[in-house]
Amino acid sequence: ITKDEWGCLPILYAVWLNVPPDILKHLILSQKSHFPEYNLSWESMIETLCRAEAPLDTIQMLFDLQQTYFPDQNMDWKKVAHLLTIRISLSLDFFDTWQIWRRAFRSSQNHDYHELIQELDEVQIRCFPYQTDDTTLQHLYGNLSQPLIGWLRSDSKYESIKTYRYLIKCSLPQRFNGIGVRKWRADIATLVEESSTIFSPRIPRQFDEIHTRMILYEREYNSLTIAAELLELTLWSWTWGVIAGRNPNLKVQSRLQCGAGVIIPNVLPYLTCECKEKTTMRYF
């Protein structure tokens, strides 16, 4: 099955656009017939719908499809509960919306969502067991946007919510963790923290700067990853061929002794966009 450039499948778009049930059923049965062993990435589809702020009915329809037509395909309910919490946190009234969604899953007559309900209950116990005020909500925002911190504004609840929505809708916390260069992560973290102190009209410009830097660092880190893999293969091949004489019994040992763990972290800083400065990279 070929995904589109956003990594999505036709089934997701059919659910998202609320196509007629007969067409949706035909699409599902056709996929099951042609690709019976293919496991759908349910968590990825749910994440796409949640970040797009899809309505509850649409997301619940995706759950119903999984339990009706793909009951043997497992779903990570803990991750799903986290994604739903993020989706609900984008609502204007989090606490009321949270209770509406929980009641919807509890009252479902066609399917049993006890695992999901249990995970949602654990989220509530951990994040907001008793209080439903602005302080609790800000604590929840800070929790869901980890490891990006320091962006909450003490002078404006509205600006804090706007910043939070930007961070979540652009998946910045997840993308931040995917950058393996400490200096670049520190630069993004600093820009995010600065958004809590700058003059409100300049915040959109700050968001643009954060996103521009993130795209640049993601592109550079991808290039570094490829370079590191090629360099390790070259060192391994040279060690096995020249020193070990391509002895099959020494192939694995040659990889361990090729020196990649020392050489690569000292070479990659010169391949970055800031090659004049020593950049410490986490070698993977």
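Sequential numbering from 1 along the given sequence is applied to the chain's residues. Only this structure's heavy atoms are used, side chains among them; waters, hydrogens and symmetry mates stay out.
- In this structure, CD1 in Ile59 is found 12.0 Å from CG in Asp64, a value given to the nearest 0.5 Å.
- Looking at every heavy atom in both residues, Met214 comes nearest to Ile179 through SD-CD1, 3.5 Å.
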Query - Derivation and outcome, side chain to side chain donor-acceptor pair (under 3.5 Å), residues Arg153 and Thr163 - result: CA-CA 9 Å; Arg153 300 180 69 103; Thr163 301; over 6 Å; no
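- Here the closest non-hydrogen pair linking Asp76 and Glu43 is N-OE2, 2.6 Å.
- Ring-plane geometry between Tyr113 and Phe105 is classed as perpendicular, the angle between the planes exceeding 60 degrees on a 0 to 90 degree scale with a lower cut at 30.
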Requested in this report: Please test Glu220 against Val181 for side chain to side chain contact (heavy atoms under 4.5 Å, CB included), starting from the C-alpha separation and ending with a verdict.
Outcome: CA-CA 10 Å; Glu220 284 291 314; Val181 181; over 6 Å; no
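- Under a 3.5 Å cut-off, the side chain of Ser237 and the backbone N or O of Leu233 do not form any donor-acceptor pair.
- For the atom pair CG (Leu27) and CG (Asp22), the distance works out to 12.5 Å, reported to the nearest 0.5 Å.
- Under the 3.5 Å distance criterion, the side-chain polar atoms of Ser195 are left unmatched by any main-chain donor or acceptor of Trp151.
- Using a cut-off of 4.0 Å between Lys/Arg side-chain N and Asp/Glu carboxylate O, Glu232 and Arg255 are scored as salt-bridged.
- Across Ile263 and Cys258, no two heavy atoms sit closer than the pair CD1-O, 4.2 Å.
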**Report entry** Steps toward side chain to side chain contact (heavy atoms under 4.5 Å, CB included) verdict (Leu84, Leu116)
**Finding:** CA-CA 10 Å; Leu84 288 178; Leu116 175 59; 3.9 Å; yes
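- Note: the hydrophobic cluster containing Trp240 does not contain Val252 (ILVMFWY, side chain heavy atoms under 4.5 Å, direct or indirect links).
- Between Leu56 and Arg87 there is no side-chain heavy-atom pair separated by less than 4.5 Å.
- Atom CD1 of Ile161 sits about 6.5 Å away from atom CG of Leu137, to the nearest 0.5 Å.
- What you find for Leu148 and Phe176 is that their closest heavy atoms are CD2-CD1, 3.7 Å.
- Using a 4.5 Å heavy-atom cutoff, the side chains of Ser89 and Tyr141 are in contact.
- Taking hydrophobic clusters as Ile, Leu, Val, Met, Phe, Trp and Tyr residues chained together by side-chain heavy-atom distances below 4.5 Å, Phe94 shares a cluster with Ile100.
- Residues Arg165 and Lys162 form no side-chain contact, since every pair of their non-hydrogen atoms from C-beta on lies 4.5 Å or further apart.
- The backbone N or O of Ala186 lies less than 3.5 Å from a partner atom in the side chain of Thr190, making a donor-acceptor pair.
- The two residues Leu90 and Cys50 have their closest heavy-atom pair at CD1-O, 4.1 Å.
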Requested in this report: Decide yes or no on side chain to side chain contact (heavy atoms under 4.5 Å, CB included) for Tyr38 and Leu9, but give the supporting numbers first.
Outcome: CA-CA 12 Å; Tyr38 186 84; Leu9 293 172; 4.0 Å; yes
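- Phe35 is connected to Tyr13 through a chain of hydrophobic side-chain contacts under 4.5 Å among Ile, Leu, Val, Met, Phe, Trp and Tyr, so both are in one cluster.
- Side chains of Phe63 and Ile46 form a contact here, defined as non-hydrogen atoms less than 4.5 Å apart.
- One hydrophobic cluster, built from ILVMFWY side chains closer than 4.5 Å, holds both Leu216 and Val192.
- If you chain together hydrophobic residues whose side chains sit under 4.5 Å apart, Leu65 and Leu29 fall into the same group.
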Query raised in the report: Step by step, would you call Ile198 with Arg205 a side chain to side chain contact (heavy atoms under 4.5 Å, CB included)?
Result: CA-CA 10 Å; Ile198 63 176; Arg205 187 183 304 174; over 6 Å; no
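- Distance OG/Ser254 to CG/Asn249: 10.5 Å, rounded to 0.5 Å.
- Considering CG of Leu152 and CD of Glu159, their distance stands at 12.5 Å, rounded to 0.5 Å.
- Inter-residue side-chain proximity for Asn74 and Asn39 is flagged as unmet; no heavy-atom pair is nearer than 4.5 Å.
- Heavy-atom contacts from other residues, nucleotides or ligands closer than 6.0 Å to NZ of Lys251 number 12 or fewer.
- When all heavy atoms of Glu193 and Ile149 are compared, the pair lying nearest together is CG-O, 3.1 Å.
- Between atom CD of residue Gln174 and atom CG of residue Leu167 there is a gap of 10.0 Å, rounded to the nearest 0.5 Å.
- A salt bridge between Glu47 and Arg51 is present, with a side-chain N of the basic residue lying under 4.0 Å from a carboxylate O of the acidic one.
- In this structure the side chain of Arg175 reaches within 4.5 angstrom of the side chain of Leu172, judged on heavy atoms.
- A 4.5 Å side-chain heavy-atom check between Leu140 and Trp98 finds every atom pair outside the cut-off.
- For Arg202 and Glu194, the salt-bridge test fails: no basic side-chain N is under 4.0 Å from an acidic carboxylate O.
- In this structure the side chain of Ile210 reaches within 4.5 angstrom of the side chain of Tyr166, judged on heavy atoms.
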